[in-house]
Amino acid sequence: MKRALVLFAHGARAQSWAAPFERLREQSQARLPGVPVRLAFLELMEPRLPAAIDALVGEGVDEITVVPVFLGQGGHLLRDLPQLADGIRAAHPGLRLEVAGAIGEDPQVQAAMTDYCIRALG
């Protein structure tokens, strides 16, 4: 099996908004040298999630984990992402597609954010 990791972010009109997500992708790729790591967006930026996954499948990837780089489970993750995942699974029946929870709901991520908030207090 050839695996890949897709970091899924919302997207914005300002290209500069994606910079922290690009750094996250680069850092993840550095720690996973044999695994393609891609960034995909829900809207306003490219590539969109289906296109990113189509490209990975075209490269022979047959197992993909999507990590939503969102702080919480709002409408996009409760409604839009499952619909996208269903469409992707229908388009690629041999693909094993896993969707992780929102990154901001992970206890270790919350602990890191708490540390940052406390440091900001000075």
Side-chain angles (χ1 to χ4, degrees):
M1 286 200 147
K2 185 173 179 186
R3 300 181 315 156
L5 177 64
V6 175
L7 307 178
F8 178 63
H10 185 276
R13 287 179 181 83
Q15 282 299 120
S16 60
W17 174 89
F21 301 97
E22 285 291 345
R23 287 192 301 272
L24 180 61
R25 189 206 63 75
E26 291 167 4
Q27 292 168 14
S28 298
Q29 185 65 79
R31 293 180 60 185
L32 296 167
V35 176
V37 179
R38 302 288 190 270
L39 182 57
F41 301 96
L42 174 65
E43 58 188 15
L44 303 172
M45 300 181 104
E46 298 294 333
R48 303 286 174 90
L49 184 62
I53 289 181
D54 289 348
L56 288 165
V57 169
E59 296 171 22
V61 171
D62 56 6
E63 182 179 332
I64 298 174
T65 299
V66 175
V67 176
V69 190
F70 286 67
L71 287 180
Q73 298 275 1
H76 290 314
L77 297 188
L78 294 172
R79 182 185 57 251
D80 300 331
L81 182 54
Q83 289 175 353
L84 286 169
D86 288 346
I88 290 164
R89 288 184 183 106
H92 302 286
L95 176 66
R96 181 173 170 209
L97 181 67
E98 299 292 330
V99 178
I103 197 170
E105 294 185 355
D106 178 84
Q108 290 178 319
V109 173
Q110 288 181 351
M113 290 189 300
T114 301
D115 291 345
Y116 174 82
C117 293
I118 291 169
R119 282 193 318 271
L121 183 60

Q: First locate atom CD1 of Ile53, then atom CD1 of Ile88, and finally report the distance between them rounded to the nearest 0.5 Å.
A: 3.5 Å
Q) Backbone N or O of Leu44 within a donor-acceptor pair of the Arg13 side chain at under 3.5 Å? A) no
Q) Would Val69 end up clustered with Trp17 when hydrophobic side chains under 4.5 Å apart are linked, directly or stepwise? A) yes
Q: Give a yes or no answer on whether the side chain of Glu43 reaches the backbone of Ala12 with a donor-acceptor pair at less than 3.5 Å.
A: no
Q) Above 12 or not: heavy atoms from other molecules or residues under 6.0 Å from CD of Glu46? A) yes
Q: Can you see which heavy atom on Glu63 is nearest to which on Met1, and at what distance?
A: OE1-SD, 2.9 Å
Q | Distance (rounded to the nearest 0.5 Å) between Phe21 CZ and Glu26 CD | A | 13.5 Å
Q. Taking only residues two or more places apart in sequence or in another chain, which ones pass side-chain hydrogen bond (donor to acceptor under 3.5 Å, both in side chains) with Glu98?
A. Arg96
Q | Step-by-step side-chain contact (heavy atoms from CB on, under 4.5 Å) determination, Leu81 to Leu49 | A | CA-CA 9 Å; Leu81 182 54; Leu49 184 62; 3.7 Å; yes
Q | Closest contact, heavy atoms only, Ala90 versus Pro93 | A | O-CD, 3.8 Å
Q: Starting at CG of Leu24, measure out to CD1 of Ile103 and round the result to the nearest 0.5 Å.
A: 5.5 Å
Q. Listed by chain and number, what are the ring pair (Phe, Tyr, Trp, His ring centres under 6.0 Å) partners of His10, not counting sequence neighbours?
A. His76
Q.
If I compare all heavy atoms of Gly72 with all of Glu105, which pair ends up nearest, and what's the gap?
A. CA-OE2, 3.5 Å
Q) Is it true that Leu97 and Leu78 fall in one hydrophobic cluster, defined by side-chain heavy atoms closer than 4.5 Å? A) no
Q: Identify whether Leu5 and Phe41 are in the same connected component of the hydrophobic contact network (ILVMFWY, side-chain heavy atoms under 4.5 Å).
A: yes
**Q.** Nearest heavy atoms of Pro20 and Ser16, plus distance in Å
**A.** CD-O, 4.1 Å
Q | CA sep, side-chain torsions, deciding dist, call: Leu42, Leu84, side-chain contact (heavy atoms from CB on, under 4.5 Å) | A | CA-CA 9 Å; Leu42 174 65; Leu84 286 169; 3.8 Å; yes
Q: Would you check if the side chain of Lys2 reaches a backbone N or O of Glu59 as a donor-acceptor pair within less than 3.5 Å?
A: yes
Q) Can a donor-acceptor pair be found between the side chains of His92 and Asp62 at a distance below 3.5 Å? A) no
**Q.** Rounded distance (nearest 0.5 Å) linking atom CG of Leu39 with atom CE of Met45
**A.** 8.5 Å
Q) Counting only heavy atoms not in Arg3, do more than 12 fall under 6.0 Å of its CZ? A) no
Q. If you look at every heavy atom in Ile64 and Val6, which pair is closest and at what distance?
A. CG2-CG2, 3.7 Å
Q: Find out if a path of hydrophobic residues (ILVMFWY) with successive side-chain heavy-atom gaps under 4.5 Å connects Phe8 to Val35.
A: no
**Q.** Closest approach of Pro68 to Gly101 (non-hydrogen atoms, all atoms of both residues)
**A.** CD-O, 3.5 Å
